[in-house]
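Notes follow once the structure below has been shown.
In this chain, numbering begins with 1 at the start of the sequence shown.
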Amino acid sequence: MRHVKVARCLAVFGFVWSAISLVSAWPQVAQAQAQNFQTSAPTAILMDAGSHAVLFEKNADELTAPASMAKTMTAEVVFNEIKNGRLSFDSEFTISENAWRKGGGGSGGSSMFAKVNTPIRLEDLLRGLIIQSGNDAAIAIAEGVAGTEDNFARMMNERAKQIGLTKSTFRNATGYGHPEQKTTVRDLSKLALHIIETYPDLYKIFGEREFTWNKIRQQNRNPLVFLDIGADGLKTGNIDESGYGLIGSAVQNDQRLIVVVNGLKTAKDRAAESRKLLDWGFRAFETQQLFAEGQVVGEAQVFGGNRRSLPLVSKKPIRVLVPRGEGERVTARIVYTGPLKAPVQKGTEVARLQVNRGDMQALEMPLYANEDIQEGTLSQRALDGLLEFSTGWVRRAFTSVIEGI
């Protein structure tokens with residue numbers, strides 16, 4: 001049986017911030033198991049793509065330089081332009097002298113060895129960007145899409161905000177060092193998940209093992225795609241201020257994991273720690289379903305409606321990964337700004353379900369109204385207004401006591 005109780009309410013201008021705790025006897029993730037796992041990576045995260053559950057994290061919100069992992073954001077901007085019909089694989093961009101000098105073969109960094117002043121199809125530039133990590137390709141794309149790399153960086157930041165990268169700042173398309181260009185492994189895992197879910201066909205480029213341009217054959221710089229572990233993307237990075245980093249993803253038995261590490265000392269360490277995290281995740285966890293698709297998860301209070309409560313559901317099954325053979329309590333809460341103001345249309349996102357194991361948030365899922373709530377009669381709205389006016393101060397005082405403990 002699931003027990004639902006109100007944990008806290010905060011009255012603000014007649015509305016209430018509510019958090020509803022769900023406490024269950026589900027088999028739950030043993031936090032101790034994750035704590036016992038060790039990695040030498042200074043920052044790391046491991047996520048299950050299906051449930052969005054975080055299986056392991058270490059300094060996951062620490063700001064670090066992304067190096068060439070920033071090219072993953074460059075690719076996302078282009079993928080979004082293609083999806084919205086503003087670009088196509090057949091679009092052509094010219095390799096400017098700036099792109100050739102800063103990112104060409106003579107620059108000392110990774111390059112697709114494009115010739116100066118030559119037009120190149122976007123499809124080829126994308127492969128140069130993703131497979132070869134070409135800085136010349138990144139700059140040519142930025143200039144072709146936005147006129148200048150600075151303008152393109154603004155597009156990167158705008159898209160980053162739109163897809164929920166809350167701590168990332170981008171200043172160029174290549175990943176070259178910049179004091180303000182910072183991100184976190186958590187943001188990079190969100191970026192990887194977004195690309196995999198939103199652009200499944202374009203994502204396949206990340207898994208291609210080699211690409212030849214200007215008669216120069218280069219292998220994918222991601223070492224995981226050459227291992228027999230089901231890896232199919234994404235990107236590596238390395239500059240002096242970042243150390244060696246990697247965004248990777250692999251699929252085994254229909255389960256996809258995403259790993260991000262950064263700050264390692266060598267390319268060998270980067271590959272080894274990434275694989276170790278993936279192997280551990282596939283081996284140590286199994287999936288447990290908390291709620292089926294469309295199953296009522298809880299209720300939200302409604303103000304001024306023909307009903308005072310609204311059942312909430314998820315559009316996807318809600319699953320978490322739990323350690324094999326372990327058991328511990330998982331806690332979850334429904335968070336919303338409420339009471340919700342009528343009318344509310346069925347299918348509207350009105351809340352979030354946050355599932356925690358120990359002190360770590362394992363996943364967060366949107367919850368939707370399962371019914372239409374119509375505006376109530378004049379007398380119903382008047383009664384709700386009177387109740388809110390008369391009880392708001394009590395709720396505020398009660399919350400202050402709880403938060404002060």
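- In summary, Asp61 and Arg186 engage in a salt bridge, as defined by a charged side-chain N under 4.0 Å from a carboxylate O.
- Defined by atom type and a distance below 3.5 Å, a donor-acceptor pair is missing between the side-chain atoms of Arg221 and Ser110.
- Atom-to-atom distance recorded for Ile229:CD1 and Leu278:CG is 5.0 Å, nearest 0.5 angstrom.
- Residues Ala146 and Asn151 share a closest heavy-atom pair of O-ND2, 3.2 Å.
- Between His194 and Gln162, the side chains place no donor N or O within less than 3.5 Å of an acceptor N or O (distance only, hydrogens not considered).
- Between Thr43 and Glu62, the side chains place no donor N or O within less than 3.5 Å of an acceptor N or O (distance only, hydrogens not considered).
- Under 3.5 Å, the side chains of Thr74 and Lys71 contain no donor-acceptor pair of N or O atoms.
- Using modelled atom types, one finds a donor on one side chain and an acceptor on the other under 3.5 Å when comparing Asn98 with Glu143.
- Closest approach of Lys235 and Met69 over heavy atoms only: O-CG, 4.0 Å.
- A donor atom on one side chain and an acceptor atom on the other are found under 3.5 Å apart for Thr39 and Glu273.
- Every ring-ring contact (aromatic ring centres under 6.0 Å, His included) that Phe79 has, sequence neighbours left out, goes to Tyr199.
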Evaluate Arg352 against Glu364 for salt bridge (Lys or Arg N to Asp or Glu O under 4.0 Å), listing each step before the verdict. CA-CA 7 Å; Arg352 309 285 295 184; Glu364 181 174 334; 3.0 Å; yes
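- Between Val261 and Val185, every side-chain heavy-atom pair lies at or beyond the 4.5 Å cut-off.
- We find that Arg171 and Glu149 are not joined by a salt bridge, their nearest charged nitrogen and carboxylate oxygen being 4.0 Å or further apart.
- When only modelled atom types and interatomic distance are considered, Asn220 and Glu210 share no side-chain donor-acceptor pair under 3.5 Å.
- Tyr244 and Asp269 share no donor-acceptor pair across their side chains, judged by distance under 3.5 Å alone.
- Judged by distance alone, the side chains of Thr148 and Asp150 never bring a donor and an acceptor atom under 3.5 Å apart.
- Judged by distance alone, the side chains of Tyr203 and Asp232 do bring a donor and an acceptor atom under 3.5 Å apart.
- No hydrogens or angles considered: a donor-acceptor pair under 3.5 Å links the side chains of Asp187 and Ser168.
- In this model, no donor atom of one side chain and acceptor atom of the other lie less than 3.5 Å apart for Thr236 and Asn222.
- Side-chain atoms of Arg101 do not come within 3.5 Å of backbone N or O of Ser107 as any donor-acceptor pair.
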Could you walk me through whether Glu81 and Arg86 pass salt bridge (Lys or Arg N to Asp or Glu O under 4.0 Å), step by step? CA-CA 5 Å; Glu81 294 294 297; Arg86 292 184 286 269; 3.0 Å; yes
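- Between Ile95 and Ala140 the shortest heavy-atom distance is CD1-CB, 3.5 Å.
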